[in-house]
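Position 1 is the first residue of the sequence; numbering continues from there.
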Amino acid sequence: MGRSREYDEEAVLAGAMHAFRRQGYAGVSVRDLEQATGLKAGSIYNSYRDKAGLFTAAFRHYNQAVLGRRIAEHAPEDAGLRGVRDLFTSLLHEPDGQSFGCLITNSAIEFGGGPAELPDGVGEGLRLLAGLFAGRLESARQTGQLRGGVDPAVAALGLLALYQGVLVLVRAAWYGQQVQALIDDAFDRLEEPRHDH
């Protein structure tokens with residue numbers, strides 16, 4: 001049995017995750033990872049085999065901790081489509097006004113070339129989001145909150161594309177009221193108009 005790790009693994013993975021988000025996989029050196037994680041190269045290799053192993057672990061952390069927490073905070077199941085809309089809007093309000101970008105989006109662009117070349121974390125993250133959107137849209141259809149004639153499966157793919165597109169605009173610092181208006185328009189087209197009396 002191996003020795004237990006004598007460091008805060010969550011802090012290490014968060015540091016590595018931010019380095020990969022800022023600089024991309026190819027742009028991060030082992031020295032960068034030492035600075036980002038506080039670990040020496042030997043500890044990185046002992047714990048994660050190599051840079052690719054740390055990247056895989058950091059990506060898993062991103063999908064579970066960052067994306068999972070964002071979903072739980074903004075789009076819990078009982079929040080319906082309103083929660084999904086809030087999830088989109090949250091992308092425009094990053095802490096401290098900084099954006100390292102989405103590791104899923106950044107990695108999909110960096111690696112490209114089809115599913116065989118993509119890190120596992122990209123597919124995992126996209127499936128998580130696609131499943132979230134499809135589930136919330138289907139629930140909205142069943143409760144009469146989804147506009148008639150909207151196909152939940154097609155609309156879920158449209159939301160996934162919009163989500164990734166918003167993240168690209170945020171990363172490029174090219175967003176603002178127009179992007180919020182785009183988000184609102186997309187959801188206004190999905191939601192059955194409410195007739196308040």
Side-chain angles (χ1 to χ4, degrees), residues 14-28 32 36 55 58-76 79-115 117-137 140 146-147 150-191:
M17 174 193 76
H18 288 312
F20 288 124
R21 287 170 77 187
R22 276 193 304 267
Q23 297 167 245
Y25 179 79
V28 173
D32 293 330
F55 180 63
F59 217 135
R60 191 175 305 116
H61 175 78
Y62 178 81
N63 283 337
Q64 292 172 356
V66 176
L67 181 57
R69 183 171 57 239
R70 189 186 288 271
I71 290 170
E73 183 178 335
H74 297 284
L81 281 183
R82 170 62 56 186
V84 179
R85 186 192 290 246
D86 290 345
L87 176 68
F88 274 75
T89 297
S90 77
L91 301 176
L92 304 178
H93 306 286
E94 289 294 314
D96 304 322
Q98 294 186 350
S99 176
F100 300 141
C102 170
L103 190 58
I104 300 164
T105 312
N106 297 351
S107 298
I109 293 168
E110 180 179 1
F111 287 86
E117 285 78 27
L118 289 176
D120 291 342
V122 171
E124 290 165 7
L126 292 175
R127 281 190 295 276
L128 178 61
L129 286 165
L132 167 74
F133 300 151
R136 297 293 189 273
L137 287 163
L146 188 65
R147 193 180 288 268
V150 173
D151 181 333
V154 174
L157 184 58
L159 287 179
L160 183 61
L162 178 61
Y163 191 90
Q164 294 302 311
V166 167
L167 286 165
V168 170
L169 294 176
V170 169
R171 181 66 195 262
W174 199 74
Y175 64 95
Q177 288 183 327
Q178 297 94 332
V179 178
Q180 182 65 65
L182 178 66
I183 292 168
D184 289 337
D185 181 66
F187 282 91
D188 289 346
R189 290 169 186 269
L190 292 173
E191 294 172 356

Which atom pair, heavy atoms only, marks the closest approach of Gly112 to Glu117?
O-CB, 3.5 Å

Hey, is the main chain of Leu81 close enough, under 3.5 Å, to the side chain of Arg136 for a donor-acceptor pair?
no

Val179 and Val170, any side-chain heavy atoms less than 4.5 Å apart
no

Nearest heavy-atom neighbours spanning Leu103 and Met17:
CD2-CG, 4.4 Å

Using a strict cut-off of less than 4.0 Å between a Lys/Arg side-chain nitrogen and an Asp/Glu carboxylate oxygen, indicate whether Asp188 and Arg147 qualify as a salt bridge.
no

Which pair of non-hydrogen atoms, one from Ala58 and one from Ala16, has the smallest distance, and what is that distance?
CB-CB, 4.1 Å

Within a strict 4.5 Å, meaning less than it, do heavy atoms of the Pro119 and Tyr25 side chains meet?
no

State the CG-CD distance between Asn106 and Gln164, to the nearest 0.5 angstrom.
9.5 Å

Just do the ring-ring contact (aromatic ring centres under 6.0 Å, His included) check on Tyr62 and Phe20 with the steps written out, would you?
CA-CA 11 Å; Tyr62 178 81; Phe20 288 124; over 10 Å; no

Pairs of donor and acceptor atoms involving the side chains of residues 120-128, under 3.5 Å and at least two apart or interchain, shall be tabulated with distances.
none

About how many Å separate CG of Leu157 and CG of Leu129, when rounded to the nearest 0.5 Å?
12.0 Å

Return the CD to NE2 distance between Gln180 and His93, rounded to the nearest 0.5 Å.
6.0 Å

With sequence neighbours excluded, residues passing side chain to side chain donor-acceptor pair (under 3.5 Å) with Asp32
Gln23, Ser29

Do Arg189 and Val150 have side-chain heavy atoms sitting under 4.5 Å apart?
no

Exercise: identify the closest heavy-atom pair between Leu159 and Phe88
O-CZ, 3.3 Å

Please tell me if the side chains of Phe59 and Ile104 come closer than 4.5 Å, counting only heavy atoms from C-beta onward.
yes

Residue pair Arg171 / Thr105, side-chain donor-acceptor N/O under 3.5 Å
no

Minimal heavy-atom distance between Ala75 and Leu87, with the atoms involved, is CB-CB, 4.2 Å

So do Gln178 and Leu182 actually touch side chain to side chain, heavy atoms under 4.5 Å?
no

Distance from Leu91 atom CG to Cys102 atom SG, nearest 0.5 Å?
8.5 Å

If you define the side chain from C-beta out and look only at heavy atoms, does anything of Val166 sit under 4.5 Å from Leu92?
yes

From CA spacing to verdict: side-chain contact (heavy atoms from CB on, under 4.5 Å), Thr89, His74:
CA-CA 9 Å; Thr89 297; His74 297 284; over 6 Å; no

Looking at every heavy atom in both Leu118 and Ser107, which two are closest together, and how far apart are they?
CD2-O, 4.2 Å

